[in-house]
Every structure is written in C-alpha cells, then in structure tokens.
There are 2 protein chains.
Amino acid sequence: MSQEHEAAGTIEDRLMQRFGTLTPTERLLAGHLTRNFPVAGLASMTYLAKEAGVSTPTVLRLVQKLGFRGYPEFQAQLRNEIEARLESPLSKHARWTDGVPQTHILNRFADAVLANLTRTLSRIDHADFDACAEMLADPKRRVLVTGGRITHALADYLVTQLGIVRPGVSALPSQSSTWPSALLEMRPGDVLIVFDIRRYESATLQLAEMAAERGADVVLITDPWISPISAHARFRFAAQIEVPSAWDSSTALMVLIETLLAAVQELNWPQAQDRMTRLEALYERASMFRRGKG
Amino acid sequence: MSQEHEAAGTIEDRLMQRFGTLTPTERLLAGHLTRNFPVAGLASMTYLAKEAGVSTPTVLRLVQKLGFRGYPEFQAQLRNEIEARLESPLSKHARWTDGVPQTHILNRFADAVLANLTRTLSRIDHADFDACAEMLADPKRRVLVTGGRITHALADYLVTQLGIVRPGVSALPSQSSTWPSALLEMRPGDVLIVFDIRRYESATLQLAEMAAERGADVVLITDPWISPISAHARFRFAAQIEVPSAWDSSTALMVLIETLLAAVQELNWPQAQDRMTRLEALYERASMFRRGKG
DNA sequence: CACACTCTGAAAAATAATTGACAGACTCGC
DNA sequence: GCGAGTCTGTCAATTATTTTTCAGAGTGTG
C-alpha cells in the first residue's frame with residue numbers, strides 16, 4: 001500500500017504530461033494553474049477552485065491524478081519546488097568543494113555564508129551607504145573605532161585599512177575604563193564606528209550614547225537583531241551572522257567593512273593613492289633599516 | 001484602494017525593522033523565518049511553529065506585530081511577494097543591491113567577493129582540510145598564531161575564536177624582535193599558524209622556518225601567489241584576495257578561518273561546549289562585577 | 001429512447017488550522 | 001525577597017479547509 005506515486009518530475013512537468021488524460025473541467029483548472037504557476041497552487045483548495053471556476057472536488061481529483069495523495073501533499077511538493085527555484089540563481093549552482101558530501105562542513109558552511117552575504121548586501125540602503133562613505137571620506141572628521149569581545153578584531157582591521165586611505169583614524173582602547181578620556185577628546189563632527197553583536201555590551205551602549213551627545217556621528221555595525229545603540233546611530237548596517245556552528249560568523253561584517261572601505265577609497269582616490277605610495281615607501285625604508293647594515 | 005496598515009514594505013523589511021521590538025521567542029521565530037525565507041512562511045502556522053520551535057500563538061503574535069490581521073492575511077501578502085519575485089525568472093538575482101546601477105561599488109564588490117569565495121572553496125583539498133582540522137582539535141598541541149601588517153587582525157580573530165573552543169591558543173606578539181624567545185618555548189607537536197599575504201615579510205619566513213626546524217607543524221594561510229613559507233608548511237590554504245580596489249580583500253581568508261573553526265568545533269564538540277558554557281558563566285560574572293554592587 | 005457510463009458540483013463529514021483566553025514562568029525594579 | 005509586569009505555552013472555541021459521498025447532468029450506444 002505504501003508504494004510511492006509513479007509520477008515523477010516537477011509539478012509543471014506532470015501537468016503537461018497528463019494534460020491529455022484530463023477531463024474538460026480539469027483542463028480548465030490545469031490551464032489556470034499553469035498560467036498562474038506556481039503561486040496559484042499555494043492558496044487553499046477552495047480559493048483555487050473559485051479562481052479557476054471549478055469545484056473543490058475537481059481540484060482534489062486533478063491533484064490526485066498528478067500522483068499526490070491529497071492537496072496538502074501537493075502543496076508541500078510545490079513549496080519545495082519554489083524553494084529550489086528561488087535559491088537556484090547562484091547558490092545551489094555548484095557544490096563548493098567536490099569530493100566531499102554535501103553534508104561536509106565545508107559545503108554547509110559555504111552555503112550559509114553565501115546566504116548571509118546575499119541577504120546582507122541586499123538589505124543595504126544604498127543611499128545610507130553612499131552617505132556614510134562620503135562622511136568617512138571627509139578627512140576633516142576624525143574617526144574612532146571600537147568593537148566588543150569578538151568584534152574587536154574587525155574593528156582592528158577597519159582601523160588598519162581605513163588608516164591607509166585617510167588620516168585621523170584610530171581605535172579606541174579595549175579597556176572601557178579609559179573611554180571617558182577618549183570622550184573628552186571627542187569633537188562634534190567626529191565619527192564613532194561601533195561594532196556591536198548579539199550579546200550587546202552595556203559599556204558600548206553608554207559610549208555610543210555619550211558620543212552622540214557630544215555631537216559625534218555614530219555608525220553602528222551590527223547583526224539583524226539590531227543593537228540598542230541603534231537609537232543613537234546616524235548610520236546602521238546589519239549583517240547576517242548565522243552559520244551552522246555555536247558562534248556567529250563575521251564574514252558578512254567583513255564584507256560590509258571592505259565594501260565601505262572600497263567606497264571611501266574610490267571617493268578620494270588621489271589623496272588615498274598619495275598616502276599609499278608614501279606609506280609604501282616608509283615600510284620599504286623600515287624593512288631596509290631592520291635587516292640593513294646597522 | 002483601502003488604507004493599508006501602518007506597516008509598509010516587504011515582509012522581509014518589516015521583519016528587519018521590527019526585530020528590535022521583538023521578544024526573545026519571537027526572535028527565534030523571526031530568525032527561522034528569515035533563514036528559510038520565504039518558503040517557511042507558506043506552510044501552516046502549526047507546521048511553521050513546530051519547525052521554529054515555538055508555539056502557534058507566538059507565530060500569530062509575530063505576524064500581528066508585523067501589521068497583519070491574521071496568519072492568512074500574512075500568507076496572502078507573502079504569496080504576492082513571491083509572485084513578484086518569480087516574475088523575473090533569472091533576472092531577479094539581477095544584482096545584489098537594487099536601486100543602484102550595476103556599476104555601483106556595492107555590486108562590483110559583491111561580485112568579486114563571491115567569485116573569490118567560490119574559487120577559494122573549490123580549491124581546498126578536503127583531505128588536507130580534514131587533517132588540519134583534526135590537528136587543531138588536538139588539545140595536547142599548543143597553537144600559536146601570527147599575522148602580518150594587514151592580516152594580524154585575522155590572526156587576532158582566529159585566536160579569539162579558537163581560544164573559545166580549545167585551550168592553549170595564543171597570538172605571537174607583533175614585535176618580531178620578541179619572536180626568538182617565543183621560539184625557545186616551542187616544542188615539537190606545537191602548531192604555528194601563519195598568515196602571509198602578498199608583500200611577504202621576511203621576518204615571518206624566518207619564523208616559520210625556525211619553528212619547522214624545532215618540530216612545530218606550520219599551517220600557512222596565504223594568497224594564490226603562495227608565500228615562500230609554503231616550503232616549511234605542513235598545511236597550506238590559499239584564498240583568493242583580488243577585488244576592485246587598491247588593496248586585497250580578506251573576506252575569503254575570513255571564510256577559510258571560520259570554516260576551519262567550525263570543523264574543529266565539530267570535532268570535539270563536548271569539550272568545546274563545556275568550555276563555552278564555562279566561559280559564558282565567567283563573562284556573566286565579570287559583567288555582574290563591573291556593573292554590580294562593587 | 002433507455003441504458004451504462006463518465007463527469008461534475010452540492011453538501012455533509014472529517015480533519016486541520018486559526019484565534020482567543022488563561023495561567024504558569026520569568027524578569028525587573030524596589 | 002516580593003510584587004508588577006511581561007512572556008509564552010497549553011488548551012479550548014471557533015473557523016476554515018480537505019475529503020467523502022452522492023445525485024444530477026451530459027454523452028454516446030445498442
């Protein structure tokens with residue numbers, strides 16, 4: 001009894017295949033279904049029947065002819081197909097690493113990361129993004145960066161890279177006890193970039209609050225849960241961070257940072273290039289010095 | 001026609017927007033929903049609730065917070081959005097961020113990053129990868145990590161995260177002048193993870209060479225040009241780093257790191273979990289201490 | 001023209017989903 | 001600690017949906 005349905009292939013295929021064997025009313029329905037595929041099939045049987053101008057039993061009969069036990073089973077399959085179709089653009093495309101099963105951590109992780117990236121980037125408000133890049137490109141504003149337990153590495157990265165492109169970039173010390181003195185230094189127009197993820201730290205919130213009060217522009221980089229700092233931030237960017245592991249992925253944050261960096265660099269390329277050349281020369285001399293005659 | 005509910009925008013947008021105002025359980029659900037968007041929302045409330053691990057009323061409450069009168073109304077809207085999304089069959093993936101031209105840095109950068117990821121991951125030798133993860137999961141080996149001018153932030157990240165999962169992880173100090181004393185400490189069986197990108201630094205090469213001589217296993221994380229350290233490394237992983245900018249992207253490196261971390265974590269999950277729980281407790285107490293009675 | 005047959009929808013029965021009410025668990029401030 | 005308030009799941013009521021049953025309409029045939 002438990003035999004599976006003979007019919008295979010996508011629902012659309014099955015509809016085509018069996019069109020010949022359908023009764024007139026069923027064809028009416030099948031026509032409606034293919035015309036409004038696949039969304040029409042997601043509604044309830046009653047609704048679908050009304051839309052197609054047939055009765056509910058007809059819908060059921062068609063669905064059973066297609067090889068499903070009932071309407072719910074049909075819908076489940078339809079949802080699967082829709083999922084596949086929505087995902088296909090790039091992700092399902094190719095398995096990341098050949099030679100290992102799809103369930104290998106390499107593939108699972110890669111899938112998650114790609115999904116995170118796609119979602120993160122598609123959610124960026126490009127007006128915000130451009131405005132923020134422009135702000136960061138302004139050499140008259142000083143830029144301070146701070147991160148939390150996990151994100152301090154990212155803050156560090158941002159400082160290193162942004163510091164290459166423009167002057168006046170520094171990291172806040174990691175000891176929150178030294179922050180008040182940093183706040184004292186802060187002037188209106190300065191920019192505070194805050195990384196704040198998941199287990200939001202209260203000290204960071206206070207920092208952002210006070211910085212905003214002192215007239216600094218706060219840029220918040222966070223997860224989709226959105227840190228409470230959001231309230232004090234002029235710009236907010238949320239990155240997806242969930243991956244198949246017990247911790248959160250920073251990859252999307254990294255991409256966010258790098259994209260911002262690229263935009264800033266593009267905005268004042270001449271100065272940036274000049275700085276980079278000079279920096280390169282300095283490093284050159286430093287390494288000479290180190291290994292040199294001395 | 002009729003005045004819409006206050007909330008506007010796509011369901012995904014609404015979810016993002018209101019994330020902040022959601023309760024913990026609702027966030028659980030919202031997380032599941034975004035992760036499996038949009039298909040998860042097409043199933044019945046009961047099913048969705050079970051999948052997300054919450055109760056049906058929670059689903060209903062979330063949906064109402066999103067501005068819908070009930071679950072059916074929510075589903076109707078969802079179907080509309082899916083329809084819109086499917087209408088442009090392949091062009092939908094169109095571009096990462098809508099509303100800006102394809103030439104906008106957001107899109108150009110995203111394309112480059114994706115290409116890097118694909119290439120990086122497809123080039124990983126999975127046997128090597130598994131072996132390396134196993135080595136890193138061995139708590140008897142101590143792990144030292146070092147990076148260069150740009151990559152020290154990544155090294156830092158790796159130390160932070162790997163240090164959560166297992167004991168005996170530390171960063172080498174950034175001053176190369178202090179490395180000899182670190183080398184003195186090094187024992188056969190220890191692991192040295194080296195990040196070395198593009199402008200390969202000679203001090204790092206010497207470090208790796210000497211570490212290998214002293215019996216340490218060297219893991220090299222580099223770019224496709226492959227650093228000269230390769231000769232001394234037991235494991236080599238190359239990440240693609242080119243992006244439309246004057247510098248190199250670290251995103252693929254980040255993914256490499258995180259994937260390794262995920263593998264290590266998976267390999268000795270019980271211990272890792274134990275460590276994480278204890279660490280969490282310590283952080284808890286520390287924050288108590290900071291803001292508490294003291 | 002009646003008979004056998006298939007097709008179709010109305011309506012009832014069975015099943016499942018949605019929603020509201022409520023109470024225990026939990027958190028936060030005092 | 002102890003109440004006020006907030007969350008969140010259990011449960012039951014209501015409502016909708018799916019499925020079955022069945023009778024009438026149509027169709028072609030002897």
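All chains are named by letter (A, B, ...) in the order of the sequence lines, taking the proteins before the strands, and each is independently numbered beginning at 1. Hydrogens, waters and symmetry mates play no part in the numbers below; they use all other heavy atoms, side chains included.
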Name the closest nucleotide to the A/Pro57 side chain, picking from D/dT19, C/dA10, C/dT19.
->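 Closest nucleotide to the A/Pro57 side chain: C/dA10.
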
Proximal nucleotide (of D/dG9, C/dG9, D/dT18) relative to the A/Val54 side chain |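 That would be C/dG9.
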
According to the interplanar angle, ranging from 0 to 90°, do the rings of B/Phe74 and B/Phe68 count as parallel (below 30°), tilted (30 to 60°) or perpendicular (above 60°)?
->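 B/Phe74 and B/Phe68: perpendicular rings.
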
Distance check needed: [N] [atom2] versus [X] [atom1], whole Å only.
| X | N | atom1 | atom2 | result |
| --- | --- | --- | --- | --- |
| A/Gln64 | D/dT20 | CD | C1' | 10 Å |
| A/Leu42 | D/dT17 | CG | P | 14 Å |
| B/Gln75 | D/dT15 | CD | P | 19 Å |
| A/Leu22 | C/dT6 | CG | P | 16 Å |
| A/Lys50 | D/dT18 | NZ | C1' | 15 Å |
| A/Glu26 | C/dG9 | CD | P | 10 Å |
| B/Leu28 | D/dC7 | CG | P | 15 Å |
| A/Tyr71 | D/dT20 | OH | P | 16 Å |

Write down the atom of A/Gln240, the atom of A/Thr120, and the distance for their closest heavy-atom approach.
->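 Scanning both residues, the minimum pair turns out to be N-OG1, 2.9 Å.
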
Taking all heavy atoms of A/Leu66 and all of A/Arg14, pick out the closest pair and write down the distance.
->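 A/Leu66 and A/Arg14 have their closest heavy atoms at O-NH1, 2.8 Å.
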
Select from A/Gly53 and B/Leu60 the residue whose nearest nucleotide in DNA chain C is closer to the 5' end of that strand.
->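 Mapping each residue to its closest nucleotide by heavy atoms, the 5'-most match is A/Gly53.
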
For DNA chain C, whose closest nucleotide is more 5', that of B/Pro72 or that of B/Arg61?
->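 The answer here is B/Pro72.
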
Is the closest basic N to carboxylate O distance between A/Arg234 and A/Asp217 below 4.0 Å?
->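 Yes.
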
Quick one: label A/Thr46 by what it contacts on the DNA or RNA (base, sugar-phosphate, nothing), any heavy atom closer than 4.0 Å.
->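 Base: the residue A/Thr46, judged by heavy atoms under 4.0 Å, touches a nucleobase.
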
If only side-chain N and O atoms of [X] are considered, is one of them under 4.0 Å from the OP1 or OP2 phosphate oxygen of [N]?
| X | N | answer |
| --- | --- | --- |
| A/Thr23 | C/dT8 | yes |
| B/Thr25 | D/dT8 | yes |
| A/Ser44 | D/dT17 | yes |

Distance only, no hydrogens: is a donor on one side chain within 3.5 Å (strictly under) of an acceptor on the other, for B/Thr10 and B/Glu81?
->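 Per modelled atom types, B/Thr10 and B/Glu81 side chains form no pair under 3.5 Å.
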
